[in-house]
Protein chains: 2
Amino acid sequence: MNRGKGNVSGGGGGGDRAGGRGGVNLPALRGYNEALLLDLLRSAGAPGLGRAELAARTGLTPQAVSKITARLAAEGLVAEAGRGASTGGKPRTLLRLVPQARHGVGVHLDRDRIRAVRVDLAGGVVDEWSGPLDFGAGPDLVVEAVLAAVVRVRARGAAAPPVGVGVAAPGPLDWRSGVLGPVTGFPGWAGFPLREVLETRLGLPVALDKDTNAAVAAAGGPGGTGSCVYLHVGTGLGAGLRLDGVVYRGARSAAGEFGHQVLRLDGPPCRCGGRGCLEVLCLDAVARGDLAGAARLLGEGAANLVALLDVDRVLLGGRVVAAEPCVFVEGVRAVLEARALTGEPPPVGLAVAGVAEGAAALALGPLFGHG
Amino acid sequence: MNRGKGNVSGGGGGGDRAGGRGGVNLPALRGYNEALLLDLLRSAGAPGLGRAELAARTGLTPQAVSKITARLAAEGLVAEAGRGASTGGKPRTLLRLVPQARHGVGVHLDRDRIRAVRVDLAGGVVDEWSGPLDFGAGPDLVVEAVLAAVVRVRARGAAAPPVGVGVAAPGPLDWRSGVLGPVTGFPGWAGFPLREVLETRLGLPVALDKDTNAAVAAAGGPGGTGSCVYLHVGTGLGAGLRLDGVVYRGARSAAGEFGHQVLRLDGPPCRCGGRGCLEVLCLDAVARGDLAGAARLLGEGAANLVALLDVDRVLLGGRVVAAEPCVFVEGVRAVLEARALTGEPPPVGLAVAGVAEGAAALALGPLFGHG
DNA sequence: CCACTTTGGCAACAGCGTTGCGTAAGTGCA
DNA sequence: TGCACTTACGCAACGCTGTTGCCAAAGTGG
C-alpha cells in the first residue's frame, strides 16, 4: 500500500481504515501536502494566493510550496493568475485552482426523483440532469437509473473521467461498508451493497452517504472548518452534522436522528414508539397548515442541538421548508434568539446547494484531503 | 516551527493552529509515526505487540517500524518484553510501553475541592492528593492552590518533570485561548487567562478544559476510537462528548450544554430563560427525592442525544449520580432500551476514572498524537 | 539613481521510510 | 536427526521529501 505515484488522490494516510489511524510514509506525506495546498487555493477563490502566503498558512517553507505547486501545475490543477499588489517588494505572483482540471459527479436518489450533476473543482455545476425515479422499485432498477444518470452528465469524448461519483440516498445506511439499511417505507433495500455494485459497474470510486450528510457537506462550502448543521423537513425530519469541518456520521452511521427527540413528554405517540417526538409535533403542525407553529417547534429542536453542539450555522432544507422558506427561517431564528444561552445565536439560512451537489463534493473530498 | 528534534511531543502537524490544517514536514512526520506507535502499544496493554504486528496495523513497512521503535527504545519509552508464541516461524519479540518513562499531572478544580493526580503513561495513578478549595475566592488564591497541588504530586528529586499538566475547571471556558468564562455562580472569573498564567508559573505545558471534557477523555480509556458521552449531574447538568475518539468542544468551546434541552414545552421556567429544560425537571425530581424519576428524565435526554449522535457508550457521573449509582444507571438504561430506534442501545455505565485522571490524560495527549 | 524589501528559483543537503538481502529462530515432516 | 519451509528482524544502499544557502528578479521609497 501507499504506492501512490503521481496521483494526487493517493494521500490521506494509507493503512487499513479499520480501527485506528494509519502510518504516514513519504508518498502519503506528499499527497497530504498537495491536497492541503489545493484545499487552500480552493477556499481562497477568485483572486488567488501567492506562494509566500501559502507558506505562511501551512507552516511549510516557501521553497517547499514552490516545489509542490510546480507539481500541481504540471498536472494542470493549478495555474498562475497574474500578480498581486506589492507590499514593498516584488509583487507576488498569484496562483489559483484550475476548476476545469477535474470533475466529480453527484447523484441524489430521492424517493420519487433522481438528479445528477457534474461539478468542477470549484463546486460549480457544469452539467445536470434529473428525471423520475421509483426508489421502491428495488435495487436493480435503481442501479440502472444511476448508471444512466451518470452517463448523461459525464463528460464525453477525450475528457478525463470523473474523479469519483458521490451518491446520496435516504437512510439508514452504513457509510463504512456502503450497504443500505431498512429505508423507511422501502424495507426491500436492506442489506444491498450499493456502493460496491456501483463501483464495479462504473469502474470509478463511489462515495455513498445519507442525503442529509451530502446536504451538509455541500452547505458548508469548500474548506469550511466550523461546525454546521443541516435540518431537513420532508417526509420525516433528519439532520446532517458537520463538526469541526468534517461530516460526523456516528459509531454506526446512524447519527442525525434529529426528529425523534422528545420535546413534549406524554405528547402524541410517534411511529418510532416514543411520545411527543419533534417529528410528530412538527409534521402534525404542517398537516394542520400551521407552518409558523411547525417552524417554532423546529426551532426548539434546533436550539437543543445548538446548545449541545455549539454550532456555527444552521441550514434548513427539504420540501416542507421549500414551500415557505421565510416562515421557517424566521421562525427558527426567533426561537434560537430567545433561547441563546450566551452571546449571539448562530445564523439561520437556507441550504442553497442541492443534495446532488453535496454528493459530488463528497466524491471530490479525497482530492482535497477530506476523505 | 516544526523543528522538533529528539522530542517525541514534537509531532502533530505543525503550522499555526488558527484556522485550517497545517502542512507536514519530515520532523512532523517522524513525530506523528512515533506517537502512532506509542498509542498502539498503549492500547495493546500488557502482553505487548510484535514489530510485525505494528507494521500490519499501521501500514508501514516492518523495517520502518524497527527504526521507529529503536528510537523510542533509546528514549526509554518502549522496551522488549519477552517473546510471543510462534505462528510457524521465528516467534515475535514483544514490545511494550514503559509506563514509568514519563508522567503527567492532572488537576481537578471543583467548586469546593481540589484534587491532583500524577499518572504514568498507562494512565495508572502513581500519586494523588486532594484538599478543600474555595473556587469563589478568585483566581489568585486558586492559582496558588493549583501550584501547591502540583508540587505535592510531582515526582521529586532527579526524576524527569511531567510531560504536562492538565487542569479541569467548571465551564464555560474557551479551550482555544485557555481563558475562563463567567462560571455559574462565580462571575469574577470571567476573562481570567488561567492557562497562560499557569504555564508561566509552572514552566510546563498546560491543558485547560471543562471538567466534563476531562471526564469523557478519561472515560474513553486509552486509544478509544468510538463515540462516547459523559453525562454529569451535580449542581447543574452537563455533558462531555468524545466523537470518533476525539473530544468535541464546538465552535466556541461551548459544546455539551446538555441540561438546557427542552423536554417539556410549557414546563416550569428554568434559570436559562427557557421552560421545561431537562435540568429543571431533573433537579426538581432530585429535590423531591424522586431519584427514579430523575433517572428517567435523564434517560430521556440521553436518548435524544444517543439518537442524534449515535454514540457507543453512555457514562454517568457527578455527585447526584454517585449518591445512588444503580438507580441512575438502571433508569437511564431502561429509557434507552425503550427508545432504541434500531438494534441494541448503547451500554450505560458509571464513569470510573475521575476528572483529575481525565485532565492528566489530556496533558499526555500530545505524546500519543491526540493533541 | 540607489538602497531596501519581497518574491521565488537553483543546487546541495539532512532525514524520512523503502528496498534488497542476509541472518536468526522457530515449525513440520520424513 | 536432518532438511525444507516459514516468520521475524537487522544492515546497507536508495529514492524522495522538505530544508537550507545563495542568488536573480521586480517592485517601493528617499
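The chains referred to below are lettered A, B, ... by the order of the sequence lines, with proteins before strands, and numbering in each begins at 1.
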Q.
In this structure, how many angstroms lie between the C1' atom of dT7(C) and the CG atom of Leu49(A), rounded?
A. 14 Å
**Q.** Listed partners of Glu199(A) passing salt bridge (Lys or Arg N to Asp or Glu O under 4.0 Å), at least two apart
**A.** none
Q. Could Arg201(A) and Glu196(A) be called an ion pair, given the rule that one side-chain N must be under 4.0 Å from one carboxylate O?
A. no
Q. Nearest heavy-atom pair of Val119(A) and Ala360(A): which atoms, and what distance?
A. CG2-CB, 3.6 Å
Q. Which whole-number value in Å describes the distance from Arg92(B) CZ to dC9(D) C1'?
A. 12 Å
Q. Between Ala251(A) and Asp312(B), which heavy-atom pair has the shortest distance, and what is it?
A. CB-OD1, 3.0 Å
Q: Could you tell me the separation between the CG atom of Leu72(A) and the C1' atom of dT17(D), rounded to a whole number of Å?
A: 15 Å
(Q) Applying salt bridge (Lys or Arg N to Asp or Glu O under 4.0 Å), can you list everything that pairs with Arg249(A), at least two apart in sequence or on another chain? (A) Asp209(A)
Q: Rounded to the nearest angstrom, tell me the gap between atom CG in Leu29(A) and atom C1' in dG17(C).
A: 11 Å
Protein N or O to nucleotides 2-5 of chain C N or O, pairs below 3.5 Å:
residue	atom	partner	partner atom	Å
dT5(C)	O2	Gly88(A)	O	3.4

Q | Any Thr61(A) side-chain N or O less than 4.0 Å from OP1/OP2 of dG18(D) | A | no
Q: Using the test side-chain hydrogen bond (donor to acceptor under 3.5 Å, both in side chains), find all partners of Arg154(B) that sit at least two apart in sequence or belong to another chain.
A: none
Q | Protein-nucleotide distance (Arg30(A), atom CZ; dG18(D), atom P), rounded to Å | A | 8 Å
Q.
Just N and O in the side chain of Ser66(B): are any of them under 4.0 Å from OP1 or OP2 of dC9(D)?
A. no
Each nucleotide N or O in nucleotides 1-3 of chain D that has a protein N or O under 3.5 Å away: list the pair and distance.
none

Q.
Applying salt bridge (Lys or Arg N to Asp or Glu O under 4.0 Å) as the test, list every pair that has at least one member in residues 80-100 of chain B; sequence neighbours left out.
A. Arg51(B)-Glu80(B), Glu53(B)-Arg92(B)
Q | Distance, rounded to the nearest Å, where Glu80(A) contributes CD and dG8(C) contributes P | A | 8 Å
Q) Using rotation axes that map the C1' atoms of four end pairs onto the next four (five pairs an end), what angle separates the end axes of the helix from dC1(C)-dG30(D) to dA30(C)-dT1(D), to 10°? A) 10°
Q.
So, does Arg51(B) get its side chain near the phosphate of dC9(D), meaning an N or O under 4.0 Å from OP1 or OP2?
A. yes
Q | Tyr248(A) versus Ser227(A), side-chain donor and acceptor atoms under 3.5 Å | A | no
Q.
Tell me whether the side-chain N/O atoms of Asn25(A) come closer than 4.0 Å to OP1 or OP2 in dC16(C).
A. no
Set out, line by line, the N/O atom pairs under 3.5 Å between protein and nucleotides 20-22 of chain C.
none

Q: Rounded to the nearest angstrom, tell me the gap between atom CD in Glu53(A) and atom C1' in dT6(C).
A: 14 Å
(Q) Using heavy-atom distances to pick each residue's nearest nucleotide on DNA chain C, tell me which of Arg83(B) and Pro91(A) is more 5'. (A) Pro91(A)
Q) Got a sec, which residues hit side-chain hydrogen bond (donor to acceptor under 3.5 Å, both in side chains) with Thr61(B), two or more places apart in sequence or on another chain? A) none
**Q.** Test side-chain hydrogen bond (donor to acceptor under 3.5 Å, both in side chains) applied to Gln63(B) - qualifying residues, sequence neighbours left out
**A.** none
**Q.** For atom CG of Leu60(A) and atom C1' of dT20(D), their distance in whole Å
**A.** 15 Å
Q.
With a 4.5 Å cut-off on side-chain heavy atoms, are Leu241(B) and Val216(B) touching?
A. no
Q | Pairs satisfying salt bridge (Lys or Arg N to Asp or Glu O under 4.0 Å), at least one member in residues 357-371 of chain A, at least two apart | A | Arg115(A)-Glu357(A)
Q: Begin with the C-alpha distance, continue with both residues' side-chain angles, and end with the deciding distance and a verdict on side-chain contact (heavy atoms from CB on, under 4.5 Å) for Leu26(B) and Leu26(A).
A: CA-CA 9 Å; Leu26(B) 288 170; Leu26(A) 288 171; 3.5 Å; yes
Q. For Asp174(A), what residues pass the side-chain hydrogen bond (donor to acceptor under 3.5 Å, both in side chains) criterion, not counting sequence neighbours?
A. Ser177(A), Ser253(A)
